[in-house]
Amino acid sequence: MRSLDVRAWILSLTFLVMVLGAWEFAVQAPEQTEAQSEYELLMGGAEQEARIPPPSAIAQRAWEELSNPFYDAGPNDKGIGIQLGYSIYRVLSGFFLAVIIALPVGFLIGMSPLMYRALNPYIQLLRPISPLAWMPLALFVIKDSETSAIFVIFICSIWPMLLNTAFGVANVREDWINVARTHELSPFRTAFTVILPAAAPTILTGMRISIGIAWLVIVAAEMLVGGTGIGYYVWNEWNNLDLTSVIFSILMIGLVGMLLDLILTAATKLVQYEE
Amino acid sequence: MSQSFLQVQQLAKRFVSKHETLTVFEQANFTIEAGEFVCIIGHSGCGKSTIMNTLAGLDVPTEGVVIMDGREVSGPSLERGVVFQNYSLLPWLSALDNVMFGVRARWPQWSKDEVRTHSLRYLAMVGLAGVEQRKPAQLSGGMRQRVSIARAFATQPKLLLLDEPFGALDALTRGVIQDELVNICAETRQTVFMITHDIDEAILLSDRILLMSNGPGAVIAESVIVDLPKPRKRADIIHHPGYYTIRNHLVDFLVNRSKTFTKYSASVEFPMSVNPLVASGLAVKQSSQPNQISVEQSTHVNHLENA
Ligand SMILES: Nc1ncnc2c1ncn2[C@@H]1O[C@H](COP(=O)(O)OP(=O)(O)OP(=O)(O)O)[C@@H](O)[C@H]1O
Ligand SMILES: [Mg+2]
């Protein structure tokens, strides 16, 4: 097992070096090999043409940005840390609002076949709606772009949690429920001491899916509403034609998404049990 | 005549569908006295678990009533402890926490220390001192079953219900836990109703064995008195002259008579009380058993029915 780990690491690093090397080489500026035409000279050189920046430039930008991530020099010039902070704040707010609604409602649906049948059509209708489609309505009703973004996160992260909670609760083993019944537990205590721990791994899996989706959606939502956040930052740098910053922030989005997922995975491990 | 501790009267379970009514069992009548150990044996699917779940209050019978301690059973209760066939431990709790789960439910007013001490005592009683903190997945099948038994005993129920508790265990482990069960029951004078497929286990543990005929439409045909001295030891009991008399009677029922047993023509009420030892002259017939007939008679009755 150990040697497999080591070999996997070596292979990963090899791939990284190969891809970065090829990339660096492929985007080399051509001016050293060809003489520039007069027209190009007139236009200020081939540099002006927007070109994918090489990894070395991105690394340098990353170094600059990460050595001072929290500077704030006006609305259009904030550190990457601040922008990510805004996005994380929105994702977590929407996510926890969704938790507050999805857990009790999921419990209700999971425990009562009647409620399941009554609410299922609405869930099936609302679930496939792209969360961004809610944005105009949210902006109109809430009249605040910040809160609207949180609402969009809320609406997109509620479904996986709701459905997983309902599924987990509905599929708690009959035997465990019978254990609760033979011990004369109240419905409330049954819910907390038997059903919740039994369904917890399924519920946490739902949460993990939710936060993944929320992180995907927040970038798009922030591009739409603007102002602050990593999505706005990407769009802003694109408008500035600063591709180095765009690629750097793409990598940061991936990194934060991965961290969020790792946290939820760790939480899932805490409640996981072996049968 | 004083009332029995547990009375089962005219119990029946039927499943009604559009096309037909499936009667799993019917006319189940029996009693259990306080302190008695009663086993029930019958072929798979005849409805033993259903009867037990009805006694537990987990299942509702189609007809009939169960009366315990003068009150009708209408739902699950801590007065009736259940050990399920598949242990039913909560896998996210340690062995100790599983027992404490039951104890806390039984005595909610107890302090955490009292609950803990009480639970530890029962875990030690089933020989599990030292592995309290392990989760069920880290215990062997035999150990899990002991945790389950400790949980049931720790709540000190008036009636203990065991559904094939040793079915999944190997013969050696099974023997060890059977011995433990014999000891605990002798100490606590626990009233027990147990389902088993193992004839030797039934003879070792029981005061009485209920025999069920095959389903559908099963009945509890006989109530066989195990008239062997107690306490019994696994190693010694097989040398008792009456052991094989009883054993043969049970095997004969399960192999031959359970298939062809019909309930309609006999005027005798079911179950017939049978003492194989009296029939074979190994014991004296007691006049206190009103329903009792000898083996010859009961076999005779069946022959007539089958003719
Ligand atoms: N929902 C149902 N509809 C129809 N028949 C059912 C239903 N549930 C159970 N049964 C029948 O009830 C019968 C009794 O089941 P039960 O579990 O009590 O048997 P058992 O004697 O405990 O068998 P085993 O020894 O295999 O555990 C079975 O034959 C089963 O087919
Ligand atoms: Mg069964």
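Just so it is clear: chains get the letters A, B, ... in the order the sequence lines come, proteins before strands, and each one is counted from 1.
- Heavy atoms closer than 4.5 Å to chain A are found in the backbone of B:Leu89, but not in its side chain.
- A:Glu274 places no side-chain N or O within donor-acceptor distance of the main-chain N or O of B:Ala137, the cut-off being under 3.5 Å.
- Among B:Arg151, B:Arg104, B:Glu79, the residue with the largest count of heavy-atom pairs under 4.5 Å with chain A is B:Arg151.
- Looking at A:Tyr273 and B:Pro136, their side chains never come closer than 4.5 Å, going by heavy atoms from C-beta outward.
- The two residues B:Gly57 and A:Arg181 have their closest heavy-atom pair at O-NH2, 3.8 Å.
- With rounding to the nearest 0.5 angstrom, the NE2 atom of A:His183 is 6.5 Å from the CG atom of B:Leu78.
- Between B:Ser77 and A:Glu184 the shortest side-chain heavy-atom distance falls below 4.5 Å.
- To the nearest 0.5 Å, the span separating OG1 on A:Thr182 from CG on B:Asn53 amounts to 10.5 Å.
- Heavy atoms of other residues, nucleotides or ligands lying less than 6.0 angstrom from CZ of B:Phe5 number more than 12.
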(message) I'd like to know whether A:Asn178 forms a side-chain contact (heavy atoms from CB on, under 4.5 Å) with B:Val82, so could you lay out the CA-CA distance, the side-chain angles of the two residues, the decisive distance to 0.1 Å, and finally the verdict.
(response) CA-CA 9 Å; A:Asn178 280 343; B:Val82 188; over 6 Å; no
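- Note: B:Trp92 leads B:Phe84, B:Phe101, B:Trp92 in heavy-atom pairs under 4.5 Å with chain A.
- Contact of A:Val271 with chain B is not made at all, since no heavy-atom distance falls under 4.5 Å.
- Residue contact with chain B, scored on non-hydrogen atoms closer than 4.5 Å, involves the backbone and the side chain of A:Ala198 alike.
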